[in-house]
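The next block holds one structure in the form of structure tokens; read it before the comments.
Ligands are counted one by one from 1 in listed order, and the atoms in each one are counted from 1 as well. In what follows, every heavy atom counts, from backbone to side chain, and hydrogens, waters and symmetry copies are set aside.
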Amino acid sequence: MSDVTTLINPADETVLGTVPHSTVEQVDEAVARAAEAQRAWSALAPAERAAALRRFASAVEGAIEELAALEVANSGHPIGQARWEAGHVRDVLTYYAAAPERMIGKQIPVAGGIDVTFLEPIGVVGVIVPWNFPMTIASWAFAPALAAGNAVVLKPAEWTPLTALRLAELGREAGLPPGLFQVLPGRGDVVGERFVSHPGIGKIVFTGSTAVGKRVMAGCAENVKAVTLELGGKSANVVFADADLELAAATAPYAVFENAGQDCCARSRILVQRSALDRFLELLEPAVKGVRVGHPGDAATEMGPLVAKAHLDRVSAYVPDDAPVAFRGSAPDGPGFWFPPTVLLPTSRSHRTVTDEIFGPVVAVLPFEDEADAIALANAGDYGLSGSIWTRDLGRAFRVSRGIASGNLSVNSNSSVRYSTPFGGFKQSGLGRELGPDAAEAFTETKNVFLSIPDAPADLPPAQPAAVPPAQPTTPEPIGPEQGARP
Ligand code: NAD
């Protein structure tokens with residue numbers, strides 16, 4: 001078994017270099033360093049930790065072009081998207097830089113004394129990242145975990161380690177204590193499994209496939225270790241006949257083909273009310289053909305290649321020669337792992353292209369009859385991560401939003417991710433939430449401290465108003481011409 005990954009540029013198949021795999025011994029050494037760094041980090045004043053995270057955010061800001069170029073070469077992400085991703089990491093760090101000074105516990109009324117809670121850091125947090133959004137997904141865990149006073153060891157996916165490695169360097173250059181944030185490239189069944197089994201790691205954040213997530217959760221159970229899981233999806237884009245069909249059709253391709261469909265939030269099922277299906281498909285076809293698929297370094301490119309040859313083979317297997325293809329976009333010829341945007345019209349709701357997470361630029365369009373049927377179809381299957389609802393009827397928008405078992409829905413929009421709002425899945429799409437105002441708390445243990453106060457009353461009496469002397473009868477002053485005159 002090779003102890004390095006050879007990195008291939010997915011757009012032209014040139015070799016970028018090799019990255020050595022970390023060993024179990026190296027993980028153990030890294031966890032020991034992290035534990036030591038964490039003790040010093042959590043002892044810093046909250047304002048100092050906040051300032052360090054702001055400096056880290058500034059360092060990322062200064063390296064946006066560099067990080068974006070790495071993601072273009074390593075992952076095939078279009079340059080415009082890659083710049084957004086690097087900027088998003090800066091924003092996530094900036095947002096959670098406000099958290100150290102806001103890790104606010106509670107004072108709880110009790111008899112016989114005072115009761116307060118503290119949000120204590122967990123210690124060392126292990127973060128396991130997939131290859132589809134290597135730097136943004138990493139930041140969703142490391143930024144709030146560091147903000148809450150923890151150290152982080154992070155394993156990037158084998159195919160895409162470069163931006164995570166550079167982010168760890170930027171953290172050190174910005175003055176984070178050595179050992180506080182370490183990136184350990186390597187195999188899932190070596191580095192990832194050691195994170196899960198290591199007694200010095202108190203929490204795992206795993207983002208990846210549902211199959212591996214179940215295994216990680218079982219390993220965490222073995223060690224009674226906290227775990228957040230961000231897993232797969234097969235999200236629905238639900239289009240009612242009363243919707244702005246032009247807008248729904250013009251935006252639907254980007255809701256599934258962005259990042260070449262390698263997006264856990266991809267709306268890879270488009271459900272259209274039957275009475276609007278023909279018109280919607282007429283509008284969808286030019287929109288799909290208009291997606292600009294090309295070299296990721298070109299600023300006009302909207303969709304790049306798939307990440308690796310093995311993944312191209314997996315996606316291609318879902319579209320054999322007799323697949324029910326309605327229409328397709330284009331893709332470059334020649335070297336690179338290219339696959340054109342593809343729209344399928346399966347005749348069965350149980351076809352594997354309707355139920356499986358393909359994780360490529362393939363979308364299935366299916367008709368539904370009415371609101372109840374739309375909700376039932378959207379809820380079919382084990383996933384519940386994301387989704388969109390298109391309608392002009394506000395009541396329906398809320399009824400359907402409440403009816404779909406999914407963590408992130410948008411109405412008349414396909415947006416899923418904002419660093420300031422919670423993100424995560426229902427059902428087998430995950431466990432726990434990332435991002436939003438509460439994310440740093442997910443990296444703490446709540447400690448309750450009761451302070452006994454001898455002879456403290458069970459309850460304090462209400463404040464008494466100051467005693468007022470009884471009013472004395474007064475003799476009314478005579479009303480005269482000088483009334484109102486005051487000395
Ligand atoms: P994957 O499950 O194959 O790998 C994810 C990570 O887990 C990698 O770093 C891998 O090395 C590691 N790993 C593999 N085996 C392991 C083991 N036994 N123990 C510990 N770690 C192990 O997933 P992938 O193919 O890299 O990513 C694609 C999947 O990720 C898709 O299913 C996608 O939906 C999901 N994903 C989910 C979200 C979300 O937020 N819900 C976001 C992005 C991707």
Side-chain angles (χ1 to χ4, degrees), residues 5 19 21-22 24 27 74-75 77 85 88 126-141 153-161 163-165 183-198 201 204-220 222-223 225 227-235 256 258-268 306-308 310-315 356-360 381-387 406-408 416-417 419 422-436 439:
T5 298
V19 172
H21 291 167
S22 309
V24 167
V27 174
N74 191 180
S75 308
H77 290 191
E85 289 165 18
H88 181 78
V127 179
I128 302 173
V129 180
W131 48 258
N132 63 327
F133 286 106
M135 55 179 151
T136 55
I137 289 175
S139 73
W140 297 359
V153 288
L154 184 145
K155 192 199 93 61
E158 287 89 321
W159 288 334
T160 57
T163 46
L165 285 165
V183 170
L184 297 146
R187 293 169 53 100
D189 58 359
V190 178
V191 178
E193 288 199 8
R194 185 57 187 149
F195 280 12
V196 171
S197 67
H198 197 300
I201 294 181
I204 297 289
V205 179
F206 172 84
T207 307
S209 60
T210 297
V212 177
K214 288 179 183 176
R215 196 170 164 162
V216 166
M217 190 175 176
C220 288
E222 196 64 36
N223 296 282
K225 190 173 287 195
V227 63
T228 296
L229 300 174
E230 297 285 5
L231 309 176
K234 186 73 181 178
S235 298
V256 56
E258 199 179 60
N259 206 30
Q262 304 164 122
D263 183 342
C264 53
C265 291
R267 276 73 165 159
S268 52
L306 292 168
V307 68
H311 190 56
L312 172 64
D313 293 345
R314 189 176 162 271
V315 171
D356 290 10
E357 183 187 45
I358 299 174
F359 225 53
D382 292 332
Y383 296 120
L385 187 56
S386 170
S406 169
N408 301 84
S416 293
V417 171
Y419 55 79
F423 177 82
F426 278 38
K427 302 194 286 183
Q428 293 196 21
S429 284
L431 198 65
R433 294 291 177 272
E434 296 190 292
L435 299 177

How far is [atom] from its nearest protein heavy atom, and which residue and atom name does that atom have?
| atom | value |
| --- | --- |
| atom 25 (O) of ligand 1 | Trp131 NE1, 2.9 Å |
| atom 41 (N) of ligand 1 | Leu231 O, 2.7 Å |
| atom 13 (N) of ligand 1 | Gly188 CA, 3.4 Å |
| atom 27 (O) of ligand 1 | Pro130 CB, 3.3 Å |

Task: The single option from Glu158, His21, Arg187 passing side chain to side chain donor-acceptor pair (under 3.5 Å) against Thr5 - done: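 Result: among Glu158, His21, Arg187, His21 is the only option passing the side chain to side chain donor-acceptor pair (under 3.5 Å) with Thr5.
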With heavy-atom distances below 4.0 Å as the criterion, list the atoms of ligand 1 near [X].
| X | answer |
| --- | --- |
| Ile137 | 42 (C), 43 (C) |
| Ile128 | 6 (C), 7 (O), 9 (O), 12 (C), 20 (C), 21 (N) |
| Asn132 | 43 (C), 44 (C) |
| Glu158 | 10 (C), 11 (O) |
| Val129 | 6 (C), 8 (C), 9 (O) |

Task: Region of Phe206 that comes within reach of ligand 1 [heavy atoms, distance under 4.0 Å] - done: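 It is the side chain that touches ligand 1; the backbone stays farther off.
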Task: Which segment of Phe423 sits under 4.0 Å of ligand 1 when only heavy atoms are counted - done: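 Within the 4.0 Å criterion, Phe423 contacts ligand 1 through side-chain atoms alone.
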Is the shortest side-chain heavy-atom distance between [X] and [Y] below 4.5 Å?
| X | Y | answer |
| --- | --- | --- |
| Ile137 | Asn132 | yes |
| Ser429 | Glu357 | no |
| Glu230 | Trp140 | no |

TODO: Would you check whether Trp159 reaches within less than 4.0 Å of ligand 1, judged by its heavy atoms?
DONE: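 Checking ligand 1 against Trp159, which is what was asked, there is no heavy-atom contact under 4.0 Å.
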- [ ] Could you tell me whether ligand 1 has any atom less than 4.0 Å away from a heavy atom of Leu385?
- [x]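 Judged by the 4.0 Å heavy-atom criterion, Leu385 does count as contacting ligand 1.
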Task: Under 3.5 Å: N/O of Gly186 near N/O of ligand 1 - done: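 For ligand 1, there is no N or O atom that lies under 3.5 Å from one belonging to Gly186.
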Give the single entry among [options] that approaches [atom] most closely by any heavy atom.
| atom | options | answer |
| --- | --- | --- |
| atom 35 (C) of ligand 1 | Gly407, Gly208, Pro161, Gly232 | Gly208 |
| atom 20 (C) of ligand 1 | Gly192, Gly430, Pro185 | Gly192 |
| atom 5 (C) of ligand 1 | Thr207, Thr228, Val216, Val307 | Thr207 |

